[in-house]
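Just so it is clear: chains get the letters A, B, ... in the order the sequence lines come, proteins before strands, and each one is counted from 1. The basis for the numbers below is simple: all heavy atoms, side chains too, and nothing from hydrogens, waters or symmetry mates.
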There are 4 protein chains.
Amino acid sequence: MSYNEKQVQIMETAEELFAMNGFGSTSVRQIADKAGVNLAMISYYFGSKEKLIEALVDYRMSHVRLTLENLLKDDSLTPLQKMNLLVTEYVDRIVQRHHFYKIMVTEHMLDKNSEITVKLLKMKQRNTEVLQQIISEGQQKKMFRKDVDIVMLMSVMVGTSNHALVNREFYRTYHKLEHLSEDEFITLLKQRVTEEIKAIFKAQLTYEG
Amino acid sequence: MSYNEKQVQIMETAEELFAMNGFGSTSVRQIADKAGVNLAMISYYFGSKEKLIEALVDYRMSHVRLTLENLLKDDSLTPLQKMNLLVTEYVDRIVQRHHFYKIMVTEHMLDKNSEITVKLLKMKQRNTEVLQQIISEGQQKKMFRKDVDIVMLMSVMVGTSNHALVNREFYRTYHKLEHLSEDEFITLLKQRVTEEIKAIFKAQLTYEG
Amino acid sequence: MSYNEKQVQIMETAEELFAMNGFGSTSVRQIADKAGVNLAMISYYFGSKEKLIEALVDYRMSHVRLTLENLLKDDSLTPLQKMNLLVTEYVDRIVQRHHFYKIMVTEHMLDKNSEITVKLLKMKQRNTEVLQQIISEGQQKKMFRKDVDIVMLMSVMVGTSNHALVNREFYRTYHKLEHLSEDEFITLLKQRVTEEIKAIFKAQLTYEG
Amino acid sequence: MSYNEKQVQIMETAEELFAMNGFGSTSVRQIADKAGVNLAMISYYFGSKEKLIEALVDYRMSHVRLTLENLLKDDSLTPLQKMNLLVTEYVDRIVQRHHFYKIMVTEHMLDKNSEITVKLLKMKQRNTEVLQQIISEGQQKKMFRKDVDIVMLMSVMVGTSNHALVNREFYRTYHKLEHLSEDEFITLLKQRVTEEIKAIFKAQLTYEG
DNA sequence: AATGAATGAGGGTTCATTCAT
DNA sequence: AATGAATGAACCCTCATTCAT
């Protein structure tokens, strides 16, 4: 549960390499070299390559849980404001942790029934519950429509933002945004993706459209 | 350009395994075994594992081009109808070829500058042009809004449908659709995804919302 | 015994590649490609890679036999003149057929008891007999010394000329002969090697020194 | 630069097999088997088959340098005595290390521009310089002739001794020396080759002939 | 007579992991 | 607690050769 400096270093290096080359195409030697640690240390600390990625998932997920739950309790926000905040936070997070989310998307697609699939499923369930609660609240307050497909909405949010991020160079070229610095561009993209999803959510959830 | 029976067999087996296990975690031996062909035949026909996946991309992409262009020429359709048709066809296609599209998503994420990245880029450009033309037509006819972010719309369509497909088991469980046969369920999911994207497109493109 | 055009083409291509890369590091595919013939044709015509090199040896050796025997019969030449002529012809031959002689030297060194070793031995025996006869003639005419080590003389001739040829670029650089054309240089080198060996032979065979 | 027991074992086994079968016809599996080490160990220690032969060249060459330079400094020896000593040492060395010198001769003939070619060239240059110094000394002392072709002399020495060694069985048979033990025969051959080259050198270098 | 298709065997190399220290 | 040395297994690929046509 608690990782020392070397372990974190290994996990973060692995994260980058897995995101860049894929899990199967990344060797533990590469990771050891890039992290500047002894090859045997990876097996020593994590047991195996598979366990390493599982540890990484734990490591990254453990930081996520709290934010969402705080959101729910805040009584000063309307359900729509909560939804908007949730979108903002989600997009923020995948932009900041894009390496990790790349890996998650990739692993999600594979057929293997690993620990990771299980962890991923749990996270999805937790997230869906939060969404469910916000939406139920909105429906009780007659602000949201009755017929809302939550899972579909999540697909819109997760799918759109992931794709937009992966597709960012195409976006940049198409919209002739090469003059922006990487940071400026990412900030802009993040904004637009967030607004897009908010707009979709508003249209689908509320009566105003 | 033209592949014989054995070659197609190899490519389709590879497609399945790449989709299931990832490119890097699939060995040519696995492919050969599953396809029931001699190991050396894969190198013989395709040269290398890398070339095999490139051939697969060519093979799958070559069938796609025509449908889109025919869509454009049809004068009996309104721009919105064209958009709706395009969505329907896209979702149809990725459901039918979900193995292939899984691979494409995965490869798209990797940093490697392979032939595949190039082919993928070309396809995206072609698709964007078609979308562009339909939307321009709609704008000229005062049916569509002026400020439309095409690339963002594509991210919505591609991202949402990909994610919905990958996430299908969660969707099924959440909505308690286990009583449906696989085919029935997929048909239902396809319908809902298509309607979702159509709704989003309509809201974003037209004035009615 | 008699080879058609394609066969000769294959053998001569093989000769070049064997000389350049070594027998074991040359593949039949390389030969087929470079010779511009079908891969299967090599097995078809020669049976195997091993048989191909044997055929090459036959092919190249069959042209050699006659010249030497004519030399012996010429009564107008003194034994020393015959020796000189023999040296000239030998050096000429290995320069002209340097690819082939490279292969022979290489094969000669290997421990394998192949057909080639046998053929090579026969050629050596034939050559030694000729040398023996000339020298015996010289000894009978009191022109040559009694104590002559024929095999050692052959080692001097064969070893020196082979090495000089292989070492030719070093020779060229050391003696600053880069201004000469390849042909001019080879002619010069041939001359010098020939004179060197003649001088050694004269010193070792005759009483004058 | 410094090799452990296993590494030496591998290099010496490789040396023998390369000399017997040629580099290209020797597999790393053969080497591993014969050396009694794990297959992977060869890559582990040397990186590749190519690097293995390079390491071998370094290993064998590193022992050679000193002897020659000590020769030069000895003031009690005449230039001719130095030349004789040099011949003796050279023949000794190639007899003792005949496997290695076989490999060198073979590699020398190939067209590949490898590290080995470079190392070989450097060694030749060093050796030529030593020879040059001895001969210059002899010329200054009016003991040696002015017109001496050093590189040609080296070709005589190197070529003759190599060939004599490779041709040893023919020599043995021709001179009916089968009654000698292998050691006795080699000692005899070494003696004769050495005397032969000394005689040639004396005749070519001095005025006496 | 000649060849495209095919293959079993083996090539060199890298893999993730273990183990003695 | 940490690591250099080592390895069995598997990697992708190429080999020389065969065979149906």
Report summary line: Protein heavy-atom contacts under 4.0 Å, written 5' to 3' over nucleotides 13-21 of chain E as B (base), S (sugar-phosphate only) or - (none), form the string BBSBBB---
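Rounding to whole angstrom units, OH of residue C:Tyr3 and P of E:dA1 are separated by 17 Å. Distance, C:Tyr45 OH to E:dA2 C1': 7 Å, rounded to whole Å. In this structure, CE of B:Met41 is placed 16 Å from P of E:dG4, rounded to the nearest angstrom. For the pair B:Asn38 CG and F:dC12 P, the interatomic distance rounds to 15 Å; values are reported in whole Å. The CG atom of C:Asp33 sits 13 Å away from the C1' atom of F:dT14 (whole-angstrom rounding). The nearest whole Å value for the distance from the NZ atom in A:Lys6 to the P atom in F:dA2 is 7 Å. One atom, CD1 of C:Ile53, and another, C1' of F:dA16, lie 15 Å apart when rounded to the nearest Å. Counting to the nearest Å, the C1' atom of E:dA2 and the CD1 atom of C:Ile10 are 11 Å from each other.
Checked by atom type and distance alone, the side chain of C:Gln30 pairs as donor or acceptor with a backbone atom of C:Ser27 at under 3.5 Å. Proximity of a side-chain donor or acceptor of B:Ser25 to a complementary backbone N or O of A:Phe23 within less than 3.5 Å is not detected. A side-chain donor-acceptor contact under 3.5 Å links C:Lys49 to the backbone of C:Thr26. Judged by distance alone, with hydrogens and angles left aside, the side-chain atoms of D:Glu115 form no donor-acceptor pair with the main-chain N or O of D:Glu54 at under 3.5 Å.
In summary, of the residues considered (A:Thr106, A:Thr13, A:Ile103), a side chain to side chain contact (heavy atoms under 4.5 Å, CB included) with A:Phe18 occurs for A:Ile103 alone.
B:His108 and A:Lys102 are not linked by any side-chain donor-acceptor pair at a separation below 3.5 angstrom, with hydrogens and angles left out of the test. Remark: the B:Gln7 side chain and the B:Tyr59 side chain contain no N/O donor-acceptor pair separated by less than 3.5 Å.
For the strand DNA chain F, secondary-structure stems (runs of at least three Watson-Crick or G-U pairs, all distances below 3.5 Å) span E:2-21 with F:2-21.
Note that CG of A:Asp33 is 8.0 Å distant from CG of A:Leu39, once rounded to the nearest 0.5 Å.
Nucleic acid contact for A:Phe46: none, since no nucleic acid atom lies under 4.0 Å from a heavy atom of the residue.
Under the 6.0 Å distance and 45° angle rule, D:Lys51 does not count as a cation-pi partner of D:Tyr44.
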